[in-house]
Number of protein chains: 2
Amino acid sequence: MPARNATDVAAQNGAKQVKALLFDVFGTVVDWRGGISREAAAFGARNGIDRDWLAFADDWRGLYQPAMEQVRAGNRGFVRLDVLHRENLDQLFGKYGITGISEEETDHLNRAWHRLRPWEDVLPGLHRLHRQYVLGTLSNGNIALMVNMARNSGLPWDAVLGAEVTRSYKPMPETYLGSCEALGLRPDQCMLVAAHNGDLQAARDCGMKTAYINRPYEYGPHQKVDFEATSDWEFIANDMVELADQIGCP
Amino acid sequence: MPARNATDVAAQNGAKQVKALLFDVFGTVVDWRGGISREAAAFGARNGIDRDWLAFADDWRGLYQPAMEQVRAGNRGFVRLDVLHRENLDQLFGKYGITGISEEETDHLNRAWHRLRPWEDVLPGLHRLHRQYVLGTLSNGNIALMVNMARNSGLPWDAVLGAEVTRSYKPMPETYLGSCEALGLRPDQCMLVAAHNGDLQAARDCGMKTAYINRPYEYGPHQKVDFEATSDWEFIANDMVELADQIGCP
């Protein structure tokens with residue numbers, strides 16, 4: 001698609017040597033708050049438990065960074081996100097006074113993260129981007145989580161990279177650098193697509209190109225940051241379809 | 001698809017708890033001998049070099065096991081297959097008296113492994129199997145090699161596993177066990193699909209299910225083993241379409 005004006009030319013130059021688009025997933029690709037709260041509510045209904053399931057989802061997500069920080073700080077060896085999610089879920093059951101749940105039911109709820117659904121722009125956008133670029137995940141989610149999610153929703157990943165492949169959690173540099181290296185590409189041949197300015201800054205610090213997707217609704221009423229791009233990322237788009245337009249993927 | 005007779009019932013029971021089919025790739029999925037010899041011949045034509053390129057392909061493949069053995073024996077740390085292929089190629093250039101080749105041209109030839117094509121039954125068979133099973137690679141090839149090959153030929157992998165993810169080379173148990181674990185599955189929920197009896201035995205020893213695909217033409221006139229199944233693998237098929245028939249994937 002020919003560039004239509006100077007801005008487009010500049011934007012397309014930003015992607016010129018890029019071979020792979022690597023995606024943050026939770027919040028950028030899938031709606032974790034809607035998905036987890038709905039699954040938790042269904043879990044509650046099955047077990048006759050009435051709680052504020054949106055708050056439950058927020059609390060579960062709230063334990064995510066502190067749990068990974070133990071690994072990043074070197075206080076424990078690398079463990080998969082499924083394990084951290086489960087530890088956090090057990091903790092939340094205590095906080096919410098939920099007892100007597102079977103192992104099978106608990107494991108099923110823990111795997112709600114494997115069943116999260118993409119925002120509605122994602123599949124149309126990714127299918128366009130996929131014609132021209134290698135698409136991969138650069139997420140803190142583990143391989144099984146990403147693979148099951150992709151099969152469940154038809155996400156067209158060529159590669160599942162990120163935390164488990166590099167045995168490190170973002171925003172540590174090795175997560176970004178190791179993911180590019182696994183594709184046999186230099187960091188400047190890879191672009192991180194994310195809804196979080198901090199994630200993009202860490203990727204840029206590693207030499208990657210960057211694309212910001214605006215998801216100001218990710219945290220619902222509790223969103224505190226990432227209402228807009230706070231730096232001059234190579235691309236800044238409202239959704240994946242707009243990103244495909246900007247990059248010039250018909 | 002309903003089982004048609006006692007043999008089918010037994011075969012389908014073999015796959016009953018299987019969730020993922022994991023594939024050996026070189027020889028089982030793609031024709032390395034045809035692909036490498038054709039690319040080497042094209043390389044020769046471009047550079048005005050006349051050699052026996054089928055022998056060159058056989059020799060290149062012949063250096064594969066000894067190179068990995070250095071890693072398996074612990075004489076060197078894990079290195080990706082792209083690196084081993086390149087070291088072996090440099091060695092072959094010496095043996096064949098090939099000199100004065102640019103880095104770009106050498107790297108392009110080394111990446112011929114990324115461009116190998118599947119046997120003609122593979123895409124039709126895999127697309128049927130993909131409807132019911134998670135499909136992944138359990139190959140000694142590295143991630144970039146597998147990802148580029150898949151994009152090039154449309155191989156529908158959900159996950160690229162094997163050597164680089166587990167940082168070990170088949171037939172070490174950790175390559176099989178680590179690949180199943182990355183999918184969050186027990187070994188008996190995963191089935192290795194391979195044209196090599198030795199590979200299947202190592203997978204069975206780890207508790208995986210097994211499916212043999214007959215490729216008695218893989219090594220051309222130099223084939224010495226794997227003319228037929230030498231054990232009672234759960235499935236024994238002439239190609240991937242027959243495997244889909246036997247498993248009951250319409």
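Chain identifiers are assigned alphabetically (A, B, ...) following the order of the sequence lines, protein sequences preceding nucleic acid strands; residue numbering begins at 1 within each chain.
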* To do: Quick one: do B:Val147 and A:Val134 satisfy side chain to side chain contact (heavy atoms under 4.5 Å, CB included)? Show the steps, please.
  => CA-CA 8 Å; B:Val147 167; A:Val134 171; 4.0 Å; yes
* **Over all atoms of both residues, closest heavy-atom pair of A:Ala144 and B:Gly184** =>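 A:Ala144 and B:Gly184 have their closest heavy atoms at CB-N, 3.8 Å.
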Between chain A and chain B, identify all donor-acceptor pairs below 3.5 angstrom, including backbone and side-chain atoms.
from     : atom 1 : to       : atom 2 : distance (Å)
A:Arg80  : NH1    : B:Glu181 : OE2    : 3.1
A:His130 : O      : B:Arg151 : NH1    : 3.2
A:His130 : O      : B:Arg151 : NH2    : 2.7
A:His130 : NE2    : B:Arg151 : NH1    : 3.3
A:Tyr133 : O      : B:Arg151 : NH1    : 2.7
A:Tyr133 : O      : B:Arg151 : NH2    : 3.4
A:Ala144 : N      : B:Ala182 : O      : 3.1
A:Arg151 : NH1    : B:His130 : O      : 3.1
A:Arg151 : NH1    : B:His130 : NE2    : 3.3
A:Arg151 : NH1    : B:Tyr133 : O      : 2.7
A:Arg151 : NH1    : B:Asp158 : OD2    : 2.8
A:Arg151 : NH2    : B:His130 : O      : 2.7
A:Arg151 : NH2    : B:Tyr133 : O      : 3.4
A:Asp158 : OD2    : B:Arg151 : NH1    : 2.8
A:Glu181 : OE2    : B:Arg80  : NH1    : 3.1
A:Ala182 : O      : B:Ala144 : N      : 3.1

* Select one option (side chain, backbone, both, neither) describing which atoms of A:Val165 are under 4.5 Å from chain B's heavy atoms. =>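 For A:Val165, the side chain is the part near chain B, not the backbone.
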* **Contacting region of A:Leu155 [heavy-atom separation from chain B under 4.5 Å]** => neither
* To do: Could you tell me which portion of B:Ala150 (side chain, backbone, both or neither) has an atom closer than 4.5 angstrom to a non-hydrogen atom of chain A?
  => neither
* Structure fact -> Honestly, the part of B:Leu145 sitting under 4.5 Å from a heavy atom of chain A is neither
